[in-house]
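These numbers come from a predicted model, not from an experiment. Sequence lines set the chain letters: A, B, ... in the order given, protein chains first and strands last, and positions in each chain run from 1.
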Amino acid sequence: MTWTRPGSTRSSPGTTCSRRSITGSTAPPSDGLEPGEEDPMSEELGATEREIVAQRLRKAEELRQLGVNPYGNGHAPEHLARDLHGRYGDAPPETIALDPGDWSVAGRVLAMRSFGKAAFLKVRDRSGEIQVWVKKDKVGEKAFEIFKRLDVGDVIAARGPATRTKTGELTVEAATFTILTKAIRPLPEKWHGLADVEQRYRQRYLDLVSTPGVRETFEKRARIVTTIRRFLDDRGYLEVETPTLHKPEEAGGATARPFETHHNALSLDLKLRIATELHLKRLVVGGLERVYEIGRIWRNEGIDRRHNPEFTSIEFYQAYATHEDLMLLTEQLFHELAVKVTGSAQVTFQGRVIDFTPPFPRHSMLEMGARALGLSPEDALAGRGLSEALSRAATREGNSEDAWKLEKASRASPGEAIALAFEVFCEHELPADRPTFVVDFPIETSPLSRRRDADPRLVDRFELFVAGMELANAFSELNDPVDQRARFEAQLAARAAGDEEAMPFDEDFVRALEHGMPPTAGEGIGIDRVAMLLTDAPSIRDVILFPLLKPRE
RNA sequence: GGGCGCAUAGCUCAACUGGCAGAGCAAUGGACUCUUAAUCCAUAGGUUGAAGGUUCGAUUCCUUCUGCGCUCACCA
């Protein structure tokens, strides 16, 4: 089952770099530029910055004259900051002095406190931070000449024994010191860092350097993907990759507007996939009974805090399973994700604690939607008194958008009306402190899922809601080819009636079902949303390294 | 697309009711061999987002535009 993006989107607020941002091409590794000299950077930089760049280029040249390549290579540090902290922990200076070791570290200089003939550098590598103490009498005249050309932001290497300074900080007391990479642009201001939100997304490299927690967010995102992969691998699933370029007649498996593109040599119009669903189910037909794909999908829709035009989904399919089996699996998976990524089953998201301990509460879309309209589930499904109830609700509803939605619902099928009533009245009443399964979906909302044996007006489907976000969508898959053909025909009719997002008729997919797909259940999860939840990120842009932004100018 | 808000030095922000555009950090020069936003002295850095208007005088008031933020809608 494809993960379907719910909720509201809106037109992009659009974002452009502020005029004072420092972006653009890098300067050639040439002599220092005189102010006003022709240079690709000079047009976009203010006088002060141009001056800084010119000075730093000059220092790079001076380093060359000292025999140091300011962009040299071949120097690999032997240790990480983490190694030192792991080795010494809180050990007092006397203990460290018994075995100070010989530590070779490298990293970016984040701060420098200089005393003329000595200085303390805050250096960061991939594992963390370590202080480096450069003293003229320890590193020697030549290395100290190199040190004089150092700026905050440069990448350096140092080697020497460990020590603990008077102020208690674990430190490498440099016996050798050199500059590995000369930065010619300055880092963001040290107190406030990158305050311009848009610049943080646009220049993520600076964000990663100077905004606390950003690196951790993306480390957690990686752990989420790894955890899901391992979880499914351990259960006998096979990871696959299916096409991201779809032909016009391929349905993909969701209702959304696609991006369109073109293959020149084949003279073929193509679209970027909006879901992985139908290819994966073809693979189940082919005997890959447990299969999953983690990958990028694209939807040509609005952008907001929960929506980016390209995002990552995982879909997985398990033959001989039902949607009930997947509910249990989903509870296990999310519990494991919470514990492995945040360290606890109780996750704090935007100031609220959400408890991921199974079992998760379940709520019926049918019952809640019908009750909100003052109808019995049976009457609502049968459409008895439905349009009157909707009109009453619309009149009662002060909120004009909701009234408009209800008005629209009164012209829709009973199933769609129930889903709309649920959305308007019930979605915000779902528990805020627990992940929640919504079940009992009307068939009209689900063109690819299996009818319920006990009531063919419903489908065997659930969605997982957490903190008001739809995180997962799953159902027992429709494997009756005759029924599937009829559902596609209904989609064609909807398209003819003006529904731009109705699915195309995917003949080859029906053909695959005609060859026989074992009874199967499938699920889709929005990885970005999960990452938001587990990193406490208020916007999807905070968990996507380079979110789509409006171009400058 | 609608509503609300913001735009001043490279960065973060001041500037009272319309009266000489400022501070901290960053930068540069100098002092300083245990600092944690190091400290001290000095220097430099501005078309106040753009265009127009009111006024003796506009960063300040008005109009339009541009950009950004928040929010609502379209949209599953």
Residue A:Gln55, side-chain heavy atoms: nucleotide from B:rG69, B:rU35, B:rA27 that is nearest: B:rA27
Scanning all shown strands, the Watson-Crick or wobble mate of B:rA23 with both distances under 3.5 Å is B:rU12
With the side chain defined as heavy atoms from C-beta on, A:Arg113 is closest, among B:rA38, B:rU33, B:rC34, to B:rA38
Could you tell me whether A:Thr445 contacts a base, only the sugar-phosphate backbone, or nothing, with contacts defined as non-hydrogen atoms closer than 4.0 Å? nothing
Paired with B:rU54 by Watson-Crick or G-U wobble geometry, both distances under 3.5 Å: which nucleotide is it? none
Report yes or no: is there a donor-acceptor pair, N or O only, under 3.5 Å between the side chain of A:Gln131 and the base of B:rU35? yes
Do we see a donor-acceptor contact under 3.5 Å between the side chains of A:Asn473 and A:Glu523? no
Quiz question: by atom type and distance under 3.5 Å, do the side chains of A:Thr276 and A:Glu293 form a donor-acceptor pair? no
Interatomic distance where CZ belongs to A:Arg305 and C1' belongs to B:rC72 [whole Å]: 12 Å
Closest to side chain of A:Ala118, choosing from B:rU35, B:rC34, B:rU33: B:rU33
Side chain of A:Trp133: nearest nucleotide among B:rU33, B:rU35, B:rC34? B:rC34
Specify the separation, in whole Å, of atom CZ of A:Arg149 and atom P of B:rA27. 17 Å
Using atom CG of A:Leu121 as one end and atom P of B:rC34 as the other, report the distance to the nearest whole Å. 15 Å
What distance do A:Glu310 atom CD and A:Asp528 atom CG have between them, rounded to the nearest 0.5 Å? 9.5 Å
Quick one: which of B:rC34, B:rG69, B:rA38 gets closest to the side chain of A:Phe115? B:rA38
Sequence neighbours excluded, which residues qualify as ring pair (Phe, Tyr, Trp, His ring centres under 6.0 Å) partners of A:Tyr88? A:Trp103
Using distance only, find each side-chain donor-acceptor pair of residues 144-155 of chain A under 3.5 Å and give its atom names and separation, not counting sequence neighbours.
unit_1	atom_1	unit_2	atom_2	d
A:Glu145	OE1	A:Arg149	NH1	3.0
A:Glu145	OE2	A:Lys148	NZ	3.1
A:Arg149	NE	A:Glu62	OE1	2.9
A:Arg149	NH1	A:Glu145	O	3.0
A:Asp151	OD1	A:Lys59	NZ	2.8
A:Asp151	OD2	A:Lys59	NZ	3.1
A:Asp151	OD2	A:Lys182	NZ	2.7
A:Asp154	OD1	A:Ala183	N	2.9
A:Asp154	OD2	A:Asp151	N	2.9
A:Asp154	OD2	A:Lys182	NZ	2.6

Can you tell me the Watson-Crick or wobble partner of B:rC70, both distances under 3.5 angstrom? B:rG3
A:Glu169 has a side chain; which of B:rU28, B:rG69, B:rU35 sits nearest to it? B:rU35
Kindly point out which of B:rU35, B:rU33, B:rC70 is positioned nearest to the side chain of A:Phe120? B:rU35
Could you give the CD-to-C1' distance, from A:Gln203 to B:rG10, as a whole number of Å? 13 Å
Checking side-chain hydrogen bond (donor to acceptor under 3.5 Å, both in side chains) for the pair A:Arg461/A:Ser449: CA distance, chi angles, key distance, verdict? CA-CA 7 Å; A:Arg461 171 181 176 187; A:Ser449 60; 5.8 Å; no
Reckon A:Lys59 touches a base, only the sugar-phosphate, or nothing at all at heavy-atom distances under 4.0 Å? sugar-phosphate
How many whole angstroms separate atom CE of A:Met112 from atom C1' of B:rU28? 13 Å
Of the candidates B:rC32, B:rU28, B:rU35, the side chain of A:Lys117 sits closest to B:rC32
Provide the distance between the two P atoms, one in B:rU63 and one in B:rG5, to the nearest whole Å. 12 Å
A:Ile52 side chain: which of B:rU35, B:rC75, B:rA27 is closest? B:rA27
